[in-house]
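Letters go in sequence order (proteins before strands), and every chain restarts at 1. These numbers were taken from a predicted model, which means no experiment stands behind them.
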Amino acid sequence: MRVVRLLRLRAALTLLGEVPRRPASRGVPGSRRTQKGSGARWEKEKHEDGVKWRQLEHKGPYFAPPYEPLPDGVRFFYEGKPVRLSVAAEEVATFYGRMLGHEYTTKEVFRKNFFNDWRKEMAVEEREVIKSLDKCDFTEIHRYFVDKAAARKVLSREEKQKLKEEAEKLQREFGYCILDGHQEKIGNFKIEPPGLFRGRGDHPKMGMLKRRIMPEDVVINCSRDSKIPEPPAGHQWKEVRSDNTVTWLAAWTESVQNSIKYIMLNPCSKLKGETAWQKFETARRLRGFVDEIRSQYRADWKSREMKTRQRAVALYFIDKLALRAGNEKEDGEAADTVGCCSLRVEHVQLHPEADGCQHVVEFDFLGKDCIRYYNRVPVEKPVYKNLQLFMESKGPRDNLFDRLTTTSLNKHLQELMDGLTAKVFRTYNASITLQEQLRALTRAEDSIAAKILSYNRANRVVAILCNHQRATPSTFEKSMQNLQTKIQAKKEQVAEARAELRRARAEHKAQGDGKSRSVLEKKRRLLEKLQEQLAQLSVQATDKEENKQVALGTSKLNYLDPRISIAWCKRFRVPVEKIYSKTQRERFAWALAMAGEDFEF
DNA sequence: GGCACTGACTCAGAAATATCCTT
DNA sequence: CAAGGATATTTCTGAGTCAGTGC
């Protein structure tokens with residue numbers, strides 16, 4: 001009730017222009033839109049501050065299909081004896097059973113949380129029998145799901161086609177909404193099915209039961225005068241509201257972390273495209289401020305105030321190393337990970353001299369998603385001296401920047417530039433790095449394949465800067481070996497061609513006629529071609545090796561201004577499809593519409 | 001008037017699925 | 001040319017950022 005009242009109040013105030021709501025208050029950029037051919041779809045937003053839409057109509061979310069009990073032949077065993085489970089308990093048992101081969105099921109925390117939550121779903125009699133997970137045998141359940149997956153794989157072409165069409169029908173029915181008169185694609189129109197929570201790293205809640213979401217849990221957001229979505233038969237929505245200061249269509253509270261989950265638009269929608277564009281424009285604006293900001297934080301390294309010094313050193317790391325802001329986390333609620341502001345003394349080591357450099361800082365900590373950040377960086381002397389000072393008389397678990405929070409840092413940044421926050425530095429440095437790398441690596445005379453390789457190299461430099469990692473693909477070793485075999489074969493071909501060329505040369509010397517001359521020429525060209533192919537292959541191998549543990553996708557999708565890539569494609573005659581897949585081109589439609597070959601970030 | 005909490009949004013790698021390529 | 005394996009793309013949902021709110 002109070003929420004509704006507050007929203008109305010806020011709406012009334014925003015109409016009067018008194019409450020500058022956040023993202024929109026920075027305004028949709030337009031001033032820099034100097035590139036040719038900006039489509040009407042990407043014209044300046046007409047809404048007043050904070051208002052995201054005038055009309056929003058949709059079908060509501062699609063719910064997970066109801067649980068299908070196991071066939072009679074699939075049994076669960078306790079202490080070696082088959083136990084027939086109630087439907088509720090059986091459903092949760094299948095969540096575990098199907099994960100049997102997974103590493104999660106070997107982790108003590110996962111097992112403990114699962115068992116604890118599972119027992120809550122059991123009937124009293126079941127709870128009396130099933131008292132230890134170690135005595136549970138899910139192997140038949142596991143096999144059942146493995147077989148089911150295998151059966152799906154070998155379906156006939158017709159059956160596969162049928163499944164595909166069903167998915168498409170679902171997409172058509174639930175996958176779109178109308179926003180301000182335009183049909184827009186929804187990102188995640190399916191409610192997350194129940195299952196076991198899969199936290200990353202050492203998450204204290206891994207294995208907990210993620211309950212099934214019912215219409216009664218779901219809040220719908222749509223315009224008052226639109227066709228209100230129908231809840232599934234016999235059910236009701238938790239609430240239907242009409243808040244046009246937010247972009248979500250439906251929301252529910254997730255049972256493990258007690259956080260809100262949303263149904264939102266697809267990245268290819270106009271709304272998402274505009275915010276992405278705005279994000280890059282903010283980062284581009286930083287270009288005009290960054291020199292001044294840098295000289296200021298350098299000056300602040302010598303500030304009399306400890307708070308200011310800490311802020312200046314932290315900002316230096318955020319700028320130089322592209323660290324994330326690092327909000328505080330409630331301990332016990334999530335894995336122990338940190339970002340810049342939440343670094344602890346134990347995460348840095350100071351080396352007066354290392355790797356032939358002076359004043360080296362060694363970082364070793366777990367960042368977002370428990371991805372390890374390890375880096376040894378030479379820093380300027382005042383930074384080093386400050387770090388020594390910050391670490392003085394502190395224990396390893398103490399905060400390195402004890403006088404700094406992300407809030408105070410961002411407040412400071414906001415004063416330096418409108419719309420500036422810590423994460424803008426990541427966007428800025430990622431994009432500017434791509435632009436510089438492309439400039440340094442691309443040769444106009446290269447083949448398309450070589451240019452794409454250069455692009456991937458540039459992309460990789462950014463991914464490494466942002467510490468975007470992936471697990472080495474399971475197929476890596478094998479595919480690397482295949483490539484090496486190919487290289488070996490090519491080397492032999494080259495050797496063979498070289499020998500033939502030598503013979504042809506001798507032949508020509510002896511004969512001196514036109515025929516032997518043309519044979520010589522042919523052999524020469526063949527050798528050249530093979531050598532080129534060999535070079536290509538070995539470059540490919542290097543590329544593969546270097547990319548083994550680097551994830552390029554995240555930076556490509558979120559940090560690199562797509563206009564840089566599009567301009568590069570145009571300038572060097574590389575088809576844009578070689579760089580962006582179909583969905584990526586849809587996501588970056590705004591950029592394709594406006595970036596010419598002379599675009600500069 | 002700082003600070004804990006929370007809502008709404010972006011960004012993250014794994015897993016699932018589709019497509020391509022080889023045999 | 002079909003099978004099946006490798007690779008590319010898409011989906012999924014967890015994990016961050018950051019400002020507003022209320023005490």
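At a threshold of 4.0 angstrom between heavy atoms, the contacts of A:R200 include nucleobase atoms, whether or not backbone atoms are also involved. Across all strands shown, A:K160 has no heavy atoms under 4.0 Å from either base or sugar-phosphate atoms. Within the 4.0 angstrom heavy-atom criterion, no nucleotide atom of any strand lies near A:T405. Among the protein residues, A:G553 comes within range of no part of the nucleic acid, since none of its heavy atoms lies under 4.0 Å from any strand. A:K411 comes within 4.0 angstrom of no nucleic acid atom, judged by non-hydrogen atoms across all strands. In this structure, A:K153 reaches neither bases nor backbone, as no heavy-atom distance under 4.0 Å exists between it and the strands shown. Residue contacts for A:A471: at a heavy-atom cut-off of 4.0 Å it reaches the sugar-phosphate backbone alone, with no base atom in range. At a threshold of 4.0 angstrom between heavy atoms, the contacts of A:P267 with the nucleic acid are absent. Backbone-only contact: A:Q257 has heavy atoms under 4.0 Å from sugar-phosphate atoms and none from a base. Within the nucleic acid shown, A:A334 has no heavy atom closer than 4.0 Å to any nucleic acid atom. Backbone-only contact: A:G367 has heavy atoms under 4.0 Å from sugar-phosphate atoms and none from a base. Counting any heavy atom pair closer than 4.0 Å across all strands shown, A:N410 reaches sugar-phosphate atoms only and no base atom. Residue A:Q469 is in sugar-phosphate contact alone, with no base atom involved, counting any heavy-atom pair closer than 4.0 Å across all strands shown. Using a 4.0 Å heavy-atom distance criterion, A:L557 is classed as making no nucleic acid contact.
Looking at which nucleotide of DNA chain C each of A:G326 and A:P193 is closest to, the 5′-most match is held by A:P193. Each of A:E330 and A:R426 was assigned the nucleotide of DNA chain B with the nearest heavy atom; the assignment lying further toward the 5' end belongs to A:E330. Both A:N266 and A:K210 lie near DNA chain C, and the one whose nearest nucleotide falls closer to the 5' end is A:N266. Where A:A551 and A:E328 each meet DNA chain B at their nearest nucleotide, the meeting point lying more 5' is that of A:E328.
Using modelled atom types and a 3.5 Å distance limit, the side chains of A:Q481 and A:E477 yield no donor-acceptor pair. Counting only N and O atoms by type, the side chains of A:Y559 and A:R426 include a donor and acceptor under 3.5 Å apart. Using a 3.5 Å distance cut-off with no hydrogens or angles, the side chains of A:S223 and A:N244 do not pair a donor with an acceptor. Side-chain polar atoms of A:T406 and A:N327 form a donor-acceptor pair below 3.5 angstrom.
Summarising the geometry, the separation between CG on A:L552 and C1' on C:dT9 is reported as 14 Å, rounded to the nearest angstrom. The separation between A:L163 atom CG and B:dA16 atom P is 17 Å, rounded to whole Å. A:I318 has its CD1 atom 16 Å from the P atom of C:dG16, to the nearest Å. Here the C1' atom of nucleotide B:dC9 and the CD atom of A:Q278 are 12 Å apart, to the nearest Å. With rounding to whole Å, A:F95 atom CZ is found 12 Å from C:dT13 atom P. Atoms CD (A:E254) and C1' (B:dA8) sit 15 Å apart, rounded to a whole Å. Separating the CZ atom of A:F189 from the P atom of C:dT10 is a distance of 15 Å, rounded to the nearest angstrom. Rounding to whole angstrom units, CG of residue A:N244 and P of B:dC9 are separated by 12 Å.
Residue A:K52 places at least one side-chain N or O under 4.0 Å from the OP1 or OP2 atom of B:dC9. Contact check, A:S581 against C:dT9: no side-chain N or O comes under 4.0 Å of OP1 or OP2. Residue A:K478 places at least one side-chain N or O under 4.0 Å from the OP1 or OP2 atom of C:dA6. Note on A:Y559: a side-chain N or O is less than 4.0 Å away from OP1 or OP2 of B:dA12. Residue A:H203 has no polar side-chain atom (N or O) positioned under 4.0 Å from OP1 or OP2 of C:dG14. For the OP1/OP2 pair of B:dA18 and a distance below 4.0 Å, the side-chain nitrogens and oxygens of A:K164 include no atom meeting the criterion. The side chain of A:H102 places an N or O atom within less than 4.0 Å of a non-bridging phosphate oxygen (OP1 or OP2) of B:dA15. Of the side-chain N and O atoms in A:K272, one or more sit less than 4.0 angstrom from OP1 or OP2 of B:dT10. Close to C:dT10, at under 4.0 Å from its OP1 or OP2, lies no side-chain N or O of A:K582. Side-chain N/O atoms of A:N327 include one lying less than 4.0 angstrom from OP1 or OP2 on C:dT17. In terms of phosphate contacts, A:T407 brings no side-chain nitrogen or oxygen within less than 4.0 Å of OP1 or OP2 of B:dG2. For the pair A:T554 and B:dG13, the criterion of a side-chain N or O lying under 4.0 Å from OP1 or OP2 is met. Remark: A:K423 is not in phosphate contact with B:dT10, judged by side-chain N or O atoms under 4.0 Å from OP1 or OP2.
The only member of A:F197, A:Y104, A:Y96 that meets ring pair (Phe, Tyr, Trp, His ring centres under 6.0 Å) when paired with A:F114 is A:Y96. The side-chain contact (heavy atoms from CB on, under 4.5 Å) test with A:L483 singles out one residue from A:K544, A:E545, A:K478, A:Q488, and that residue is A:K544.
Taking the side chain of A:M264 as heavy atoms from C-beta on, and the options B:dC9, B:dA12, C:dA15, the nearest nucleotide is B:dC9. Residue A:K261 has its side chain nearest to C:dT13 when only C:dA15, B:dT10, C:dT13 are considered. In the set B:dA15, C:dT9, C:dT13, B:dA15 carries the atom at the smallest distance from any side-chain atom of A:R198. When distances run from any side-chain atom of A:H468 to the nucleotides C:dT7, C:dA19, B:dA12, the shortest one goes to B:dA12. Among B:dC11, C:dC12, B:dC9, the nucleotide with an atom closest to any side-chain atom of A:Y262 is B:dC9. Listed nucleotides: C:dT13, B:dG7, C:dA19. Nearest to the side chain of A:I260: B:dG7. Comparing C:dA19, B:dC9, C:dA15 against the side chain of A:W248 picks out B:dC9 as the nearest. Closest to the side chain of A:T247, out of C:dG16, B:dC9, C:dT9, is B:dC9. Nearest to the side-chain atoms of A:A325 among the listed nucleotides B:dT10, C:dA6, C:dT17 stands C:dT17.
Between the side chain of A:K368 and the base of B:dC11, a donor-acceptor pair under 3.5 Å is found.
Using cut-offs of 30° and 60° on the angle between ring planes, the pair A:F363 and A:F317 is perpendicular.
The residues A:R403 and A:E305 are annotated as not salt-bridged, no charged nitrogen and carboxylate oxygen being separated by less than 4.0 angstrom.
Between the side chain of A:R98 and the main chain of A:R143, no donor-acceptor pair closer than 3.5 Å is present.
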(message) The test is side-chain contact (heavy atoms from CB on, under 4.5 Å); show your working for A:Y262 and A:V246 and say whether it passes.
(response) CA-CA 11 Å; A:Y262 303 92; A:V246 296; over 6 Å; no
